[in-house]
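Accompanying notes for the structure given below.
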Amino acid sequence: MSVGIDEISFYTSNYFLDLKNLATVQEIDAEKYYQGIGQEKMGMPAPDEDVVTMAANAALPLIERVGTDAISTVMFATETGIDQSKSAGVYVHRLLGLTPNCRVVELKQACYSATAAIQMGCALVARQPNQKVLVIASDVARYDLDTSGEATQGCGAVAMLITANPRLVELDPEVGNHTEDVMDFWRPNYRSTALVDGKYSTKIYLKSLKYAWEHFREVSSLAFSDMQHFCYHLPFTRMAQKAHKHLARVNKSNLTPELLDRQVEDTLLYNRIIGNSYTASMYIGLASLLENCKHNLAGKRVGFFSYGSGCVAEFFSGKVVAGYEKYLHGDKHQLMLAARSEVSYDEYLKLYNDIDPVDGGEHVKAEGTTGRFRLVGISHHKREYISC
Ligand code: CAA
């Protein structure tokens, strides 16, 4: 029996800022963003949108297909926690109408935790093959204004069903890990924006890739040349291109730079216009590969590098299942992305500054999302969600 990803769906806000407008305000060349970091647009959440509403929107198509009774566990991965105690997934559980017998838990380790959720989901399914585990990763990437991280903001959620005999990707059981206590990127509880040592974070990312890969090689018989495509964690798309060349060097690969670029290029298309979505980003990259690759991927092996600052990294692999193309949500994703509205720099600032109140009063959220779920208000420190 194989175990892995049976279905994948993602969601992002209906607002975006084109980075050329940010570059104009900063009086720098927009090519620094378009080419230098490989980002064009960044998603900005609407005032009535957060990790819960994005997650419910991402998961809805999966639940509509399998039914609300089918899910035994929801694992919610995020580093944009809305509560220190209650899992954001419990709100999603209600919004989606899941059964009281379905367990829900939230996982955190920066951008890595969705991968932990998937591995744990696979373990649950291996023990009870009739189970379906819903893994959701949902985040809003926020940095201080006028910092180097500002252009790498974004938002999005991805939902994946983990099942036995999956229809999209069979995951191999062997994984390589690297964990190290470092301060490259972090967000103390009292801050709404992340702190980052940008250049250092990119170095630690590459170092972790090498070590996670070396561990993977110790436990797996698969070599670099056994994988035809690679999905990397995507803080910005240039990071994946650099990482892939780094991994090729580690493996003394003789593939040309053009061929190496081709092994990652289809994974980058959505992130380039959504921005960083932390836990969700690598899996939105997987959706991008499956939905946009012109060649039939059936039987092809994909290498995955998941990185969470702080840091925990994991290299793992999976094989694309024959017939996968019949079970994708590509058309829906393309329509959603095409229907987004561009905001001006001033509108971006307004959205950026619309942070949650902390005074316990009654606060109504302005309408803005075109999604199926809304955060309508925060009153007496309680978040109120509705489905539209
Ligand atoms: N035309 C084309 N390219 C240009 C250019 C122009 N006019 N101007 C600059 N560039 C290029 C630069 O040469 C550089 O390319 P190289 O990296 O290949 O040298 C690139 O654009 C970026 O320029 P800078 O290095 O000057 O950019 P910066 O210092 O202002 O910011 C950054 C880069 C540090 C990554 C910043 O975006 C940042 O802090 N981001 C947030 C942290 C982050 O994403 N880290 C990634 C690893 S950690 C992680 O992955 C977890 C996570 O999700 C956060």
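Just follow the structure's listing: the first ligand is 1, and inside any ligand the first atom is 1. Predicted model only: the values in this text are computed from it and were never measured.
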Using a plain distance cutoff, I'd like to know if [X] has any nitrogen or oxygen under 3.5 Å from a nitrogen or oxygen of ligand 1.
X	value
Tyr307	no
Gln35	no
His233	yes
Tyr143	no
Lys32	yes
Asp29	yes
Asp184	no

Exercise. Hey, does Tyr352 have a side-chain heavy atom less than 4.5 Å from the side chain of Met44?
Worked result: yes

Starting from [atom], which protein heavy atom do you reach first, and at what distance in Å?
atom	value
atom 16 (P) of ligand 1	Lys242 NZ, 3.2 Å
atom 20 (C) of ligand 1	Gly36 O, 3.5 Å
atom 33 (C) of ligand 1	Ile37 CG2, 4.6 Å
atom 47 (C) of ligand 1	Ser201 OG, 3.4 Å
atom 44 (O) of ligand 1	Pro235 CB, 3.4 Å
atom 32 (C) of ligand 1	Ser148 OG, 4.5 Å

Problem set entry | Verify same cluster id: Leu234, Leu289 (apolar side-chain graph, 4.5 Å) | no

Exercise. Do Leu171 and Met227 share a hydrophobic cluster (ILVMFWY, side-chain heavy atoms under 4.5 Å, transitive)?
Worked result: no

Against heavy atoms of [X], which atoms of ligand 1 measure under 4.0 Å?
X	result
Ser309	48 (S), 49 (C), 51 (C)
Lys199	24 (P), 25 (O), 29 (O), 34 (C)
Val196	42 (C)
Thr152	37 (O), 40 (N), 41 (C)
Glu31	1 (N), 2 (C), 3 (N), 6 (C)
Phe236	35 (C), 44 (O), 46 (C)

Exercise. Do Tyr34 and Asp18 have a side chain donor and acceptor closer than 3.5 Å?
Worked result: yes

For this session: For the residue pair Ser277 and Asp139, confirm or rule out a side-chain donor-acceptor distance under 3.5 Å.
Result: no

Problem set entry | Min heavy-atom dist Tyr33 to ligand 1 below 4.0 Å | no

Exercise. Under a 4.0 Å N-O cut-off, is there an ion pair linking Lys210 with Glu214?
Worked result: yes

Problem set entry | Sidechain N-carboxylate O distance under 4.0 Å for Arg383, Asp83 | no

Exercise. Is the Lys NZ or Arg CZ of Lys86 less than 6.0 Å from the centre of Tyr91's six-membered ring, within 45° of the axis?
Worked result: yes

Exercise. Within a reach of under 6.0 Å around CD of Glu367, are more than 12 heavy atoms found that belong to other residues, nucleotides or ligands?
Worked result: no

Exercise. Given the side-chain rings of Phe216 and His178, with only the six-membered ring counted for Trp, is the space between their centroids under 6.0 Å?
Worked result: no

